[in-house]
There are 2 protein chains.
Amino acid sequence: MALSYAILAALINQPCSGYDLVKRFNKSVECYWSASHQQIYKALAKLEDDEHLLSEKIEQENRPNKKLYTVTDSGRRHLQQWIGQGEAIAPLKSDLLVKLSVGHTVPTETLLITLDTYYQQHKEKLKSYQFIAKQYAQRPDLSREEQFQYLSLRAGIRQQLAWIAWCEEAMGFLGQPVAVRESSSVS
Amino acid sequence: MALSYAILAALINQPCSGYDLVKRFNKSVECYWSASHQQIYKALAKLEDDEHLLSEKIEQENRPNKKLYTVTDSGRRHLQQWIGQGEAIAPLKSDLLVKLSVGHTVPTETLLITLDTYYQQHKEKLKSYQFIAKQYAQRPDLSREEQFQYLSLRAGIRQQLAWIAWCEEAMGFLGQPVAVRESSSVS
DNA sequence: TAACCCATGTAACCTGTTACATGATTAA
DNA sequence: TTAATCATGTAACAGGTTACATGGGTTA
């Protein structure tokens with residue numbers, strides 16, 4: 001359900017092919033939803049069937065043909081009415097928290113190793129978000145459209161910062177020096 | 001998959017029936033995973049079948065009988081090896097962010113109303129987390145088991161705080177006075 | 001007497017993941 | 001010549017949601 005809306009949202013900003021959508025969904029930010037190409041192609045077919053999307057066949061030389069998808073008026077209305085709906089927030093689901101909540105059943109060393117794999121990933125993600133954010137922040141002439149994208153991006157950054165801060169708290173609790181690897185080494 | 005582990009984690013702390021598990025999963029915190037009773041009963045049956053759980057039939061008067069589930073040695077090992085595994089962090093999926101990223105396509109007023117429904121829910125959730133956290137914080141004699149639960153809870157709190165701060169930022173961006181309803185009214 | 005709690009399930013459906021399939025072009 | 005990119009799909013399966021089912025006991 002939400003996937004269809006995420007697709008409409010992506011295509012309303014920039015029409016493209018299924019293949020390109022997959023990249024936009026899974027590479028970097030831009031999208032606050034994720035899906036496999038199988039899901040996306042299926043959802044695109046459904047949306048076209050429901051006349052929320054129009055596809056135009058683009059013939060190409062030296063590479064496969066592709067379909068360019070554009071949002072119809074009906075699709076736009078469909079998306080707009082969804083935006084107007086307040087929904088229940090998704091319940092927190094985190095395998096890391098499940099693991100930590102029974103941390104007393106495994107050796108501290110094991111926990112630290114596991115925790116660190118999550119920690120590194122959150123730091124990576126933060127870095128890639130901040131890289132994009134910097135490009136927005138440096139320009140004073142953002143369009144309203146871009147301002148909204150920037151705003152959403154800042155939520156992603158806040159999330160990652162929250163996770164990172166907590167990982168460091170957890171590492172501290174586990175009695176281990178934080179920041180051995182790279183961050184905040186003084187001097 | 002992760003659901004089975006979440007069940008093992010919950011039952012290792014405190015054996016109980018399927019019915020009670022449902023409550024522990026969905027009421028308040030304690031669990032960092034969620035599931036419907038249908039899912040839980042199914043997963044319990046599977047876990048018992050795989051000998052990670054043992055069930056004991058409890059006969060009751062004046063109410064239906066129930067099954068008390070306990071984690072077996074095999075179940076404990078199964079959980080422990082999972083805890084030792086680092087996994088890829090779940091990609092951020094947020095319908096609110098999808099909505100805001102195309103905020104320019106709807107009236108500001110609509111966005112504010114939608115945003116507020118999420119905002120209120122995050123504040124509610126935070127309040128309930130903090131209520132439980134206070135009980136942990138007031139006691140200096142926490143067991144190691146409880147310390148780990150408290151630690152996990154603090155992650156939930158950080159998440160909610162991050163969402164709340166961002167909602168306020170977004171409301172500010174939309175040019176609306178924040179905190180009309182209750183929070184941080186000075187004097 | 002209506003609604004809710006206790007307690008456990010089945011069935012149909014939708015969503016999401018993994019594996020499989022094709023076939024030309026281009027870069028290492 | 002191996003792997004990666006472009007481009008779009010099908011099929012089987014696992015995970016999750018919604019609806020349906022039962023039936024006594026308690027609370028308003």
Side-chain angles (χ1 to χ4, degrees), chain A residues 1-8 10-11 15-27 31-50 53 55-69 82 87-95 98, chain B residues 1-8 10-11 15-27 31-50 53 55-69 82 87-95 98:
Chain A
M1 190 89 321
L3 174 58
S4 324
Y5 295 109
I7 288 175
L8 288 174
L11 292 177
C16 67
S17 68
Y19 188 85
D20 292 329
L21 248 192
V22 173
K23 285 198 292 185
R24 288 170 63 188
F25 263 59
N26 298 334
K27 264 194 189 122
C31 239
Y32 307 99
W33 209 260
S34 66
S36 60
H37 80 271
Q38 294 91 334
Q39 257 187 292
I40 289 175
Y41 282 119
K42 215 175 161 193
L44 283 170
K46 178 77 166 30
L47 282 167
E48 190 177 5
D49 212 57
D50 295 345
L53 290 181
S55 76
E56 186 195 350
K57 194 173 181 178
I58 310 271
E59 311 262 351
Q60 294 184 118
E61 282 173 18
N62 289 349
R63 55 186 55 194
N65 298 334
K66 62 176 173 181
K67 297 185 195 168
L68 180 70
Y69 287 97
W82 177 69
E87 285 164 289
I89 56 175
L92 177 61
K93 276 191 176 186
S94 163
D95 47 358
V98 173
Chain B
M1 190 86 325
L3 173 58
S4 324
Y5 295 109
I7 289 175
L8 288 174
L11 292 177
C16 68
S17 68
Y19 188 86
D20 291 329
L21 248 192
V22 173
K23 284 197 293 186
R24 289 170 62 188
F25 263 59
N26 298 334
K27 263 194 189 124
C31 239
Y32 307 99
W33 208 260
S34 67
S36 60
H37 78 272
Q38 295 91 333
Q39 257 185 292
I40 289 175
Y41 282 118
K42 213 175 160 193
L44 283 170
K46 177 78 166 31
L47 282 166
E48 189 176 7
D49 211 58
D50 294 345
L53 291 181
S55 75
E56 186 195 350
K57 194 172 181 179
I58 310 271
E59 311 262 351
Q60 293 184 119
E61 281 172 19
N62 289 348
R63 55 186 54 195
N65 298 336
K66 63 177 172 181
K67 296 184 196 168
L68 180 71
Y69 287 98
W82 177 69
E87 284 164 291
I89 56 175
L92 177 61
K93 276 191 177 188
S94 163
D95 48 358
V98 173

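Every value quoted in this text rests on a predicted model; they were computed, and no experiment measured them. Proteins come first, then strands; the chains are lettered A, B, ... in the order of their sequence lines, and each starts at number 1.
- The Tyr41(B) side chain lies nearest to dG9(C) when the options are dC20(C), dG9(C), dT17(D).
- Of the candidate nucleotides dA7(C), dT8(D), dT17(C), dT8(D) has the atom lying nearest to any side-chain atom of Tyr19(A).
- Comparing dA11(C), dT8(D), dA11(D) by their closest approach to the side chain of Gln38(A) singles out dA11(D).
- Where Ala35(A) and Tyr69(B) meet DNA chain C, the nucleotide closest to each residue was compared, and Tyr69(B) sits on the side nearer the 5' end.
- Using a 4.0 Å heavy-atom cutoff across all strands shown, Lys46(A) reaches no nucleic acid atom at all.
- Atom CG of Leu21(B) and atom P of dC6(C) are 14 Å apart (whole Å).
- What separates CG of Asp20(A) from P of dT5(D) is a distance of 14 Å, to the nearest Å.
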Inset, instruction - Start with the C-alpha distance between Leu3(A) and Phe25(A), add both sets of side-chain angles, then the distance that settles side chain to side chain contact (heavy atoms under 4.5 Å, CB included), and finish with yes or no. - result: CA-CA 11 Å; Leu3(A) 174 58; Phe25(A) 263 59; 3.8 Å; yes
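- Residues Ser55(A) and Tyr69(A) share a closest heavy-atom pair of CB-CE2, 3.6 Å.
- For Gln39(B) and dG15(D), the shortest distance from a side-chain N or O to OP1 or OP2 is not below 4.0 Å.
- Remark: Lys42(B) is not in phosphate contact with dA14(D), judged by side-chain N or O atoms under 4.0 Å from OP1 or OP2.
- The structure places NZ of Lys42(B) at 11.5 Å from OG of Ser4(B), a figure rounded to the nearest 0.5 Å.
- Regarding Met1(A), its CE atom lies at a distance of 18 Å from the P atom of dG16(D), rounded to whole Å.
- Between the CD atom of Glu61(B) and the P atom of dA7(C) there is a distance of 14 Å, rounded to whole Å.
- The side chain of Trp33(B) sits closest to dG16(D) out of dG25(D), dG16(D), dG15(D).
- As a whole-Å value, the separation of Gln60(A) CD from dT8(D) C1' is 12 Å.
- Distance Asn65(B) CG to dG9(C) P: 11 Å, rounded to the nearest Å.
- Closest to the side chain of Pro64(B), from the set dC6(C), dT18(D), dA11(D), is dC6(C).
- The backbone N or O of Ala35(A) sits less than 3.5 Å from a side-chain atom of Asn26(A), completing a donor-acceptor pair.
- Judged as a salt bridge (Lys or Arg N to Asp or Glu O under 4.0 Å), and not counting sequence neighbours, the contacts of Lys66(B) are Asp20(B).
- Minimum atom distance to the side chain of Ser36(B) is reached by dT17(D), of the listed dT26(C), dT18(C), dT17(D).
- The side chain of Lys93(A) contributes an N or O atom lying less than 4.0 Å from OP1 or OP2 of dG16(D).
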Legend entry - CA sep, side-chain torsions, deciding dist, call: Tyr19(B), Ile40(B), side chain to side chain contact (heavy atoms under 4.5 Å, CB included): CA-CA 9 Å; Tyr19(B) 188 86; Ile40(B) 289 175; over 6 Å; no
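- When distances run from any side-chain atom of Lys66(B) to the nucleotides dT8(C), dT10(C), dG9(D), the shortest one goes to dT8(C).
- For the pair His37(B) and Leu3(A), nearest-nucleotide mapping onto DNA chain C gives the more 5' position to His37(B).
- dA4(D) atom P lies 18 Å from atom CZ of Arg63(A), rounded to whole Å.
- Note on Lys23(B): every side-chain N or O is 4.0 Å or more away from OP1 and OP2 of dC5(C).
- Residue Asn26(A) contributes atom CG, which lies 14 Å from atom P of dT5(D) at whole-angstrom precision.
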